[in-house]
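First up is the structure itself, then whatever we jot down about it.
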Amino acid sequence: MTADVVIAGGGPNGLMLACELSLAGVRPVVLERLPERTGENRANGLVGQVVRMLDRRGLYGPLSGSQDPPRPGASFVFGALPLDLSALADNPLYTLPVPQRHVEQVLEERAIGLGVEIRRGHELTGLSQDGDAVTVDIAGPAGAYRLRTRYLIGADGGRSLTRKLSGIGFPGVTKDNMVSRTAHATVPASMIDPATGGLNLPGYGVIPPPRSTAGLRPVCWTATRPSGDRSLSGWSCIPRRSPR
């Protein structure tokens, strides 16, 4: 079996790329190991010029649930520090608070509408390359098989098997002294601050959306989704114990 392009990974990056290739006249095959979309959220929104790019593709409305065009944000929080962007003549900061599961739903529907073949429950297990193409080993529901493709694209996450099998390193530093908890929650109306629309946490104070607080206390961040539900995150650093 042959394909022009095989994309390993059916998350937001893989699906968006599949849509763009299809618009260019290329029909990719998307391999996704999960048999169906996950209900978990691994991200809570999009920030930057990607929001305007999605609008150019007609995807901002389905993602945001609004008929209004995207507008730059007057403020943002970086490293727990609030940034006032209202004075910028050309503010590049666009945000789109939307759960990843909804992003994947919209992009998958778009890809299918463009004729993209998405093979769920199919996982890349190996690859080999010669001067003409890449041979991709795949494990599927009906057993193992192979595809020959001109291009193999790894969109399979930070632990990308495509990257590892290609011998591409991923140097970096990770730490295990931080604890983070995130939840999508519905809160009583009595907890909404009428002046700011923020979340009034007993014993903590008001957190205007989207805003984070920092200092000696743990960091807390909250945002309101277009649907009206809220995302609440909290994280703190755990001091390491020095070995005796």
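The heavy-atom pair separating E104 from P12 by the smallest distance is OE2-CD, 3.4 Å. Shown here for D130 and A133, the closest heavy-atom pair between the two residues is OD1-N, 2.8 Å. I7 and A155 make their closest contact through CG2-CB, 4.1 Å (heavy atoms, listed as atom of the first residue, atom of the second, distance). Of all heavy-atom pairs between A18 and V116, the closest is O-CG2, 3.7 Å.
Residues M16 and L54 have side chains in contact (heavy-atom distance under 4.5 Å, counting atoms from C-beta outward). Here the side chains of T149 and V29 are not in contact, with every heavy-atom distance at 4.5 Å or above. Using a 4.5 Å cut-off on side-chain heavy atoms (C-beta onward), I118 and L15 make contact. Side-chain contact between P202 and M191 is present, with at least one heavy-atom pair separated by less than 4.5 Å.
At distances below 3.5 Å, not a single donor-acceptor pair connects side-chain atoms of R163 with backbone N or O atoms of G157. Between the side chain of D156 and the backbone N or O of T162, at least one donor-acceptor pair lies under 3.5 Å. No donor-acceptor pair closer than 3.5 Å links the side chain of S166 to the backbone N or O of I168. Judged by distance alone, the side chain of R27 and the main-chain N or O of S22 form a donor-acceptor pair under 3.5 Å. Although no hydrogens or angles enter the test, the distance criterion places no donor-acceptor pair under 3.5 Å between the side chain of R119 and the main chain of G140.
To the nearest 0.5 Å, atoms CD1 (I112) and CD (E117) are separated by 11.0 Å. Atoms OG1 and CG, from T125 and L165 in turn, are 8.5 Å apart once rounded to the nearest 0.5 Å. The CD atom of E123 sits 9.0 Å away from atom CG of L34, with the distance rounded to the nearest 0.5 Å. With values rounded to the nearest 0.5 angstrom, I153 atom CD1 is found 9.5 Å from Y151 atom OH. Interatomic distance, CD of Q100 versus CZ of R37, reported as 11.5 Å (0.5 Å rounding). We find the CZ-CG distance between R148 and D4 to be 13.0 Å, quoted to the nearest 0.5 Å.
Heavy atoms from other residues, nucleotides or ligands lying under 6.0 Å from CZ of R33 number 12 at most. By the 6.0 Å contact criterion, CZ on R150 is open, its count of non-hydrogen atoms from other residues, nucleotides or ligands being 12 or less.
By the side chain to side chain contact (heavy atoms under 4.5 Å, CB included) test, L85 pairs with F76, L83, L88, N91, L93, sequence neighbours left out.
Hydrophobic clustering, with ILVMFWY side chains joined whenever heavy atoms are under 4.5 angstrom apart, groups Y145 together with V136.
Remark: of the listed residues V98, L46, D55, D55 is the sole one forming a side chain to side chain contact (heavy atoms under 4.5 Å, CB included) with Y60. Checking L147, D137, L152 one by one against L124, the side chain to side chain contact (heavy atoms under 4.5 Å, CB included) holds for a single residue, L152. Here the options are V51, L59, V50, V47, the test is side chain to side chain contact (heavy atoms under 4.5 Å, CB included), and the partner is L96; only V51 passes.
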Next item on the list: Just do the side chain to side chain contact (heavy atoms under 4.5 Å, CB included) check on E108 and E32 with the steps written out, would you?
Entry: CA-CA 12 Å; E108 183 173 311; E32 172 52 54; over 6 Å; no
